[in-house]
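Below, all heavy atoms of this structure are taken into account, side chains as well, without hydrogens, waters or symmetry copies.
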Amino acid sequence: MSKLGTTRPTTVVNVVTNLDLLAEHQAALEELERLNRVQSASDRLNSAYSKEIREQAQKVQDLEAQMNESTVCVKLKALKRAKYAEVVANHPPREDNDVDTAFGVNTDTFGDELLPLSIVDAWNKATGEKVDFTGDDWAEEADEFTDAQFNEFAMAALNINRGATAIPFSSIASAVIRN
């Protein structure tokens, strides 16, 4: 630890482990929106929402709860500057790749080394219980991820290693406190 007490930035990536629920949720949400559109104005005068709409809304919320229960929060921590520079040097950008040039690394290989080094904790979002998942488990789990899931981790790790370290400011919190 430094004399200043400096800590490296962290971030959390949420992984929904049961993505089959995503399609069910989308279908249920579309049905809820359809039911809401077709309810007549006169029906709304008697009751804001029909029984059928309320049942469909409950189905959407039940699916959201199931997705929440299947979500694992993975905490990533930025690497020390020298270690990060070493990882970057191990993955030079390909000359013929504009994405690599933009990021300054070989984007196909960089995350495979960076992410296992960045994982510091994991827990179930719904229960808060610790999940036994470390950087040693990354390669096997990453093989199961979609490209979008992998990229979410990679971008999060890039952001904490390359992102701004200034004090964040919340305009909403400031406005609430002033009033």
Side-chain angles (χ1 to χ4, degrees), residues 6-30 32-33 60-172:
T6 304
T7 61
R8 295 185 310 266
T10 60
T11 192
V12 175
V13 178
N14 293 322
V15 181
V16 179
T17 59
N18 185 351
L19 284 176
D20 288 339
L21 295 172
L22 193 57
E24 289 180 52
H25 179 267
Q26 184 62 36
L29 188 58
E30 288 172 5
L32 176 61
E33 290 169 354
V60 168
Q61 286 191 331
D62 290 346
L63 286 164
E64 289 171 352
Q66 288 177 48
M67 290 173 71
N68 195 47
E69 290 168 8
S70 82
T71 299
V72 173
C73 303
V74 179
K75 186 175 185 179
L76 306 176
K77 187 173 190 172
L79 303 181
K80 290 183 178 182
R81 187 171 57 95
K83 183 63 177 176
Y84 183 73
E86 178 185 321
V87 174
V88 169
N90 290 341
H91 303 276
R94 296 165 288 186
E95 291 180 21
D96 61 341
N97 190 302
D98 292 340
V99 176
D100 284 9
T101 301
F103 284 101
V105 295
N106 180 325
T107 56
D108 284 347
T109 62
F110 181 65
D112 293 328
E113 183 176 355
L114 175 64
L115 290 163
L117 298 171
S118 302
I119 296 168
V120 294
D121 200 7
W123 63 91
N124 180 280
K125 184 177 181 180
T127 65
E129 290 179 25
K130 185 165 179 49
V131 172
D132 184 22
F133 180 72
T134 68
D136 293 337
D137 303 309
W138 172 256
E140 183 179 344
E141 195 63 36
D143 284 344
E144 295 298 319
F145 285 164
T146 65
D147 195 47
Q149 288 171 306
F150 185 91
N151 286 338
E152 187 175 355
F153 273 93
M155 292 307 298
L158 274 172
N159 287 338
I160 59 173
N161 281 285
R162 292 184 175 175
T165 56
I167 298 172
F169 174 78
S170 169
S171 56
I172 294 173

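With rounding to the nearest 0.5 Å, the separation of OG1 in Thr134 from CD in Glu141 is 11.5 Å. Atom CD of Glu86 is separated from atom NE2 of His91 by 9.5 Å, given to the nearest 0.5 angstrom. If you take CG on Leu22 and CG on Leu63, they are separated by 10.0 Å, rounding to the nearest 0.5 Å. His25 contributes atom NE2, which lies 6.0 Å from atom CE of Met67 (distance to the nearest 0.5 angstrom).
Residues Leu158 and Met155 are in side-chain contact: their nearest non-hydrogen atoms beyond the backbone lie under 4.5 Å apart. Residues Asn124 and Lys130 fail the side-chain proximity criterion, which asks for heavy atoms closer than 4.5 Å. Between Val74 and Ile119 the shortest side-chain heavy-atom distance falls below 4.5 Å. In this structure the side chain of Lys125 reaches within 4.5 angstrom of the side chain of Cys73, judged on heavy atoms. Taking 4.5 Å as the limit, some side-chain heavy atom of Val13 sits within range of a side-chain heavy atom of Leu76. Counting only heavy atoms from C-beta outward, the side chains of Leu79 and Leu114 approach each other to under 4.5 Å. For the pair Phe133 and Asp121, the minimum side-chain heavy-atom distance is 4.5 Å or more.
Residues satisfying the salt bridge (Lys or Arg N to Asp or Glu O under 4.0 Å) test with Glu113, not counting sequence neighbours, are none. By the side-chain contact (heavy atoms from CB on, under 4.5 Å) test, Thr101 pairs with no residue at all, sequence neighbours left out. Remark: Trp138 pairs with Phe145, Phe150, Phe153 by the ring pair (Phe, Tyr, Trp, His ring centres under 6.0 Å) rule, at least two apart or across chains. Residues satisfying the side-chain contact (heavy atoms from CB on, under 4.5 Å) criterion with Asp20, sequence neighbours excluded, are Asn18. Residues satisfying the salt bridge (Lys or Arg N to Asp or Glu O under 4.0 Å) criterion with Asp108, sequence neighbours excluded, are Arg94. Residues passing the salt bridge (Lys or Arg N to Asp or Glu O under 4.0 Å) test with Lys75: none are found, sequence neighbours excluded.
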**Prompt:** For Asp100 and Thr107, what are the C-alpha separation, side-chain angles and deciding distance, and is it a side-chain hydrogen bond (donor to acceptor under 3.5 Å, both in side chains)?
**Reply:** CA-CA 6 Å; Asp100 284 9; Thr107 56; 2.8 Å; yes
**Asked** Which is it for Val15 and Thr71 under the side-chain contact (heavy atoms from CB on, under 4.5 Å) test, yes or no, and what are the steps along the way?
**Response** CA-CA 5 Å; Val15 181; Thr71 299; 5.8 Å; no
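For Gly111 against Pro116, the heavy-atom pair with the smallest separation is O-CD, 3.8 Å. A pairwise comparison of heavy atoms in Ser118 and Ala157 identifies OG-CB, 4.4 Å as the closest pair. Annotation for Ala154 and Leu115: closest pair N-CD1, 4.0 Å, computed over non-hydrogen atoms.
Judged by distance alone, with hydrogens and angles left aside, the side-chain atoms of Gln149 form a donor-acceptor pair with the main-chain N or O of Thr146 at under 3.5 Å. Checking side-chain atoms of Arg8 against main-chain N and O of Lys77 turns up no donor-acceptor pair under 3.5 Å. A donor-acceptor distance shorter than 3.5 angstrom exists from the side chain of Thr17 to the backbone of Ser70, with no hydrogens or angles considered.
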